[in-house]
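Scroll down for the structure; my scribbles are underneath it.
Values below: all heavy atoms of this structure, side chains included; hydrogens, waters and symmetry mates excluded.
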Amino acid sequence: MKTLFKNIKGLLQVRQESETLIKGKAMQDLPIINNAWLLVEDDIIADFGEMQSIPQKLERDLTIDASGKMMLPSWVDSHTHLVYAGNREQEFVDRIKGITYEEIAKKGGGIVNSAKKLQETSEEQLYKESLVRLEEVIRLGTGAIEIKSGYGLTTEAELKMLRVIKRLKQAYPISIKATFLGAHALPPKFKNDREGYISHIIEDMLPKIAEEKLADYIDIFCEDGYFTIKDTERILDAGNNYGLQGKIHVNQFNAIGGIKTGVDYNCLSVDHLEVLTDEDLKALKTGTTIPVSLPSCSLFLSIPYTPARKIIDADLPLALATDYNPGSTPSGNMNLVLSLACIKMNMTPEEAINAATVNAAHAMGLEKTHGSITRGKKANLILTKKVPSYGFLPYAFGSNHIDKILLGGKTIL
């Protein structure tokens with residue numbers, strides 16, 4: 001099947017095959033072809049160019065006139081917890097009344113609350129709830145997504161989550177990566193035995209997960225009151241033994257040295273970074289670990305935003321993701337994330353789009369197949385409605401600007 005899009009007002013994020021990570025001042029550059037055409041053949045981007053250069057006898061089965069519309073690669077969401085049971089709206093009300101996120105967690109709420117609900121939910125019900133969320137984010141323009149476990153906190157429940165992620169991967173054309181996050185919080189059984197729980201993760205959970213090949217990455221919540229640097233190193237070492245590269249939750253509330261640990265262990269990404277020190281920046285400059293910001297989490301919890309300008313001005317890359325989860329970010333809307341990055345983090349539209357596409361693909365290990373308009377890459381694409389410019393996408397943050405969604409070359413919306 002060959003589909004031609006013609007008269008595209010602006011074809012965004014046109015990159016050479018080698019341009020898979022954009023950093024520093026280069027994030028200000030968003031390559032665009034005005035008045036463009038693009039050919040999708042089966043599930044890949046076959047060719048593109050200016051309308052004046054379109055071959056006269058170009059073979060195609062379908063032609064779509066995109067006059068006045070922009071086309072860009074689908075959003076890549078490299079950090080989510082989309083598979084969960086129920087919700088936590090009561091905690092939302094509690095926080096409005098003045099109870100902090102940390103106080104809620106100490107009273108048995110937060111992650112432990114979600115874990116209890118998930119343990120009581122059947123795999124089939126969990127799958128049904130999760131597919132509704134997945135279909136929603138697809139309609140919002142996400143074409144690749146990472147999904148973590150971590151709301152199980154027992155071997156059986158963590159396996160249940162990861163099996164649901166596997167089922168979603170098999171059922172939908174969206175690209176999905178699975179991350180094992182057993183070290184998300186201490187379950188009640190191990191409330192006073194963190195070392196014992198870490199051993200349980202390494203000796204009981206990991207071998208079973210590896211045997212069923214349920215995870216692509218391993219993660220840990222490295223934070224005061226959760227898991228220490230020593231815990232993080234143990235988890236990352238264990239993950240490496242099973243071929244699982246690290247992705248760390250770090251610096252959400254405190255800077256305790258987790259970023260340097262992530263870099264030292266060649267983690268794919270370090271995520272959150274609402275708190276960032278000069279030492280953290282220096283550590284990031286010594287490795288290839290990519291920093292990932294989660295601005296909708298900052299919005300929902302009323303905590304600081306990742307200091308994007310510090311990161312970019314230090315000649316580092318930055319990626320954006322949603323952190324979709326029931327407690328701190330009950331939204332998988334990457335369009336909102338784009339707007340928040342511009343409004344609250346002082347990122348330009350060019351920087352934000354780079355962070356949500358090409359750099360985000362790198363933070364998922366999908367840089368060779370996703371994140372840019374490049375010949376041979378996956379035809380996961382967004383066609384906007386008629387808009388005056390690409391800056392209008394983050395500017396008009398309350399509107400839906402999407403006309404069509406393509407996943408694997410097929411029109412989903």
### Query
Under 3.5 Å, is there a donor-acceptor pair between the Asp323 and His79 side chains?
yes

### Task
Answer with yes or no whether the side chains of Gln119 and Tyr151 bring together a donor and an acceptor at under 3.5 Å.
no

### Query
If you count the non-hydrogen atoms of other residues, nucleotides and ligands that lie under 6.0 Å from CZ in Phe92, is the total more than 12?
no

### Query
Has Gln170 got more than 12 heavy atoms of other residues, nucleotides or ligands less than 6.0 Å from its CD?
yes

### Message
Met27 and side chain to side chain contact (heavy atoms under 4.5 Å, CB included): which single residue from Ile353, Val358, Asn359, Ile311 fits?
### Response
Asn359

### Task
Would you check if there is a donor-acceptor pair between the side chains of Trp75 and Asn335 at a distance under 3.5 Å?
yes

### Query
Measuring from Asp264:CG to Lys260:NZ, what's the distance to the nearest 0.5 Å?
3.5 Å

### Message
Measuring only between side-chain heavy atoms, which start at C-beta, is Lys9 closer than 4.5 Å to Asn34?
### Response
no

### Query
Side-chain donor-acceptor pair under 3.5 Å between Arg88 and Gln90, yes or no?
no

### Query
Do Glu274 and Asn251 have side-chain N/O donor and acceptor atoms under 3.5 Å apart?
no

### Task
For Ser302 and Ser298, indicate whether the former's side chain and the latter's backbone hold a donor-acceptor pair under 3.5 Å.
no

### Query
Should we say atom CD of Glu17 is surrounded by more than 12 heavy atoms from elsewhere, each under 6.0 Å from it?
no

### Message
Counting neighbours of OH on Tyr395 that are heavy atoms of other residues, nucleotides or ligands and sit closer than 6.0 Å, is the number greater than 12?
### Response
no

### Query
Any side-chain heavy-atom pair from Ile218 and Ile235 closer than 4.5 angstrom?
yes

### Message
If we ignore hydrogens and angles and just use 3.5 Å, is the side chain of Lys148 paired with the main-chain N or O of His184 as donor and acceptor?
### Response
no

#### Entry: Residue pair Asn325 / Ser328, side-chain donor-acceptor N/O under 3.5 Å
yes

### Message
Quick check on side chain to side chain contact (heavy atoms under 4.5 Å, CB included): which of Asp219, Leu159, Ile201, Ile165 does Phe180 satisfy it with?
### Response
Ile201

### Summary
For Tyr324 and Pro330 the tightest heavy-atom approach is CE1-C, 3.7 Å

#### Entry: pair Cys222-Ile256: side-chain heavy atoms closer than 4.5 Å
yes

### Query
Does the side chain of Tyr226 come under 3.5 Å of the side chain of Asp231 through a donor N or O and an acceptor N or O?
no

### Query
Do the side chain of Glu223 and the main chain of Asn254 share a donor and acceptor less than 3.5 angstrom apart?
yes

## Note on the structure
Here the gap from Asn333 atom CG to Ser296 atom OG, rounded to the nearest 0.5 Å, amounts to 8.5 Å

### Summary
What one should report as the nearest heavy-atom pair of Ser67 and Lys386 is O-CE, 3.4 Å

### Query
Does a sphere of radius 6.0 Å around NZ in Lys169 hold more than 12 heavy atoms from other residues, nucleotides or ligands, not counting ones at 6.0 Å or beyond?
yes

### NZ/Lys213: more than 12 non-hydrogen atoms of other groups inside 6.0 Å
no

### Query
Is there a donor-acceptor pair under 3.5 Å between the side chain of Asn240 and the backbone N or O of Asp237?
no

### Task
To the nearest 0.5 angstrom, please state how far the NZ atom of Lys368 sits from the CG atom of Leu366.
11.5 Å

### Query
Cation over ring, Arg375 on Phe48, under 6.0 Å and within 45°?
yes

### Task
Evaluate the salt bridge (Lys or Arg N to Asp or Glu O under 4.0 Å) criterion for residues Glu124 and Arg167: first the C-alpha distance (whole Å), next the side-chain angles of each, then the deciding distance (0.1 Å), finally the verdict.
CA-CA 10 Å; Glu124 190 60 31; Arg167 288 177 63 182; 3.1 Å; yes

### Query
Do Glu158 and Ser149 meet the criterion of a side-chain donor-acceptor pair at a distance under 3.5 Å?
yes

### Task
Find the distance between CG (Asn7) and CD1 (Ile64) and round it off to the nearest 0.5 Å.
12.5 Å

### Backbone of Asn346 reached by a side-chain donor or acceptor of Arg309 within 3.5 Å
yes

### Task
Answer yes or no for Arg95 and Phe300: cation-pi contact, defined as NZ/CZ to six-membered ring centre under 6.0 Å and angle to ring axis within 45°.
yes

### Query
Does the side chain to side chain donor-acceptor pair (under 3.5 Å) test come out yes or no for Tyr265 and Gln245, once each step is laid out?
CA-CA 9 Å; Tyr265 276 79; Gln245 190 176 10; over 6 Å; no

### Query
Are side-chain heavy atoms of Val292 and Val270 found at a separation under 4.5 Å?
no

### Validation row: Ile198, Phe227 side chains within 4.5 angstrom (heavy atoms)
yes

### Message
Can you give me the closest heavy-atom contact between Glu50 and Ile33, atom names plus distance?
### Response
CG-CG2, 3.7 Å

### Query
Any chance the side chains of Thr142 and Asp77 put a donor and an acceptor closer than 3.5 Å?
no

### Query
Is there a donor-acceptor pair closer than 3.5 Å between any side-chain N or O of Asp403 and the backbone N or O of Leu383?
no

#### Entry: Main-chain N/O of Ala314 paired to Lys285 side chain as donor or acceptor, under 3.5 Å
yes

### Message
Keeping Thr121 on the side-chain end and Ala85 on the backbone end, is there a donor-acceptor pair under 3.5 Å?
### Response
no

### Task
Look at Glu120 together with Lys116 and state whether they make a salt bridge at an N to O cut-off of under 4.0 Å.
yes

### Task
State, to 0.1 Å, how close Lys378 and Ile45 come at their nearest heavy-atom pair, and which atoms those are.
O-CD1, 3.9 Å

### Message
Tell me whether Phe190 at atom CZ has more than 12 heavy atoms from other residues, nucleotides or ligands lying less than 6.0 Å away.
### Response
yes

### Query
Got a donor-acceptor contact below 3.5 angstrom from the Thr374 side chain to the Lys377 backbone?
no

### Query
Do Arg133's NZ or CZ and the ring of Tyr84 fall within the cation-pi criteria of under 6.0 Å and 45°?
yes

#### Entry: Polar contact flag, side-chain donor to acceptor under 3.5 angstrom, Glu146-Ser78
no

### Message
Could you check whether atom NZ of Lys23 has more than 12 heavy atoms from other residues, nucleotides or ligands sitting under 6.0 Å from it?
### Response
no

### Task
Evaluate side chain to side chain donor-acceptor pair (under 3.5 Å) for Gln13 paired with Thr357, printing each intermediate quantity in order.
CA-CA 8 Å; Gln13 196 57 289; Thr357 54; 2.9 Å; yes

### Query
Got Thr384 and Leu393 here, is their nearest side-chain heavy-atom distance under 4.5 Å?
yes

### Message
Closer than 3.5 angstrom, by distance alone: can the side chain of Ser114 be matched with the main-chain N or O of Ile111 as a donor-acceptor pair?
### Response
no

### Message
Quick check: His370 with His362 (ring centres under 6.0 Å apart)?
### Response
no

### Task
Search all heavy atoms of Ser293 against all heavy atoms of Met345 and return the closest pair with its distance.
OG-CE, 3.1 Å

#### Entry: Heavy-atom pair with the smallest gap, counting every atom of Ile209 and Ala215
CG2-CB, 3.8 Å

### Message
Could you measure the distance from the CG atom of Leu168 to the CG atom of Leu126? Nearest 0.5 Å is fine.
### Response
8.5 Å

### Message
If I take atom CG from residue Leu336 and atom CG from residue Leu140, how far apart are they, to the nearest 0.5 angstrom?
### Response
10.0 Å

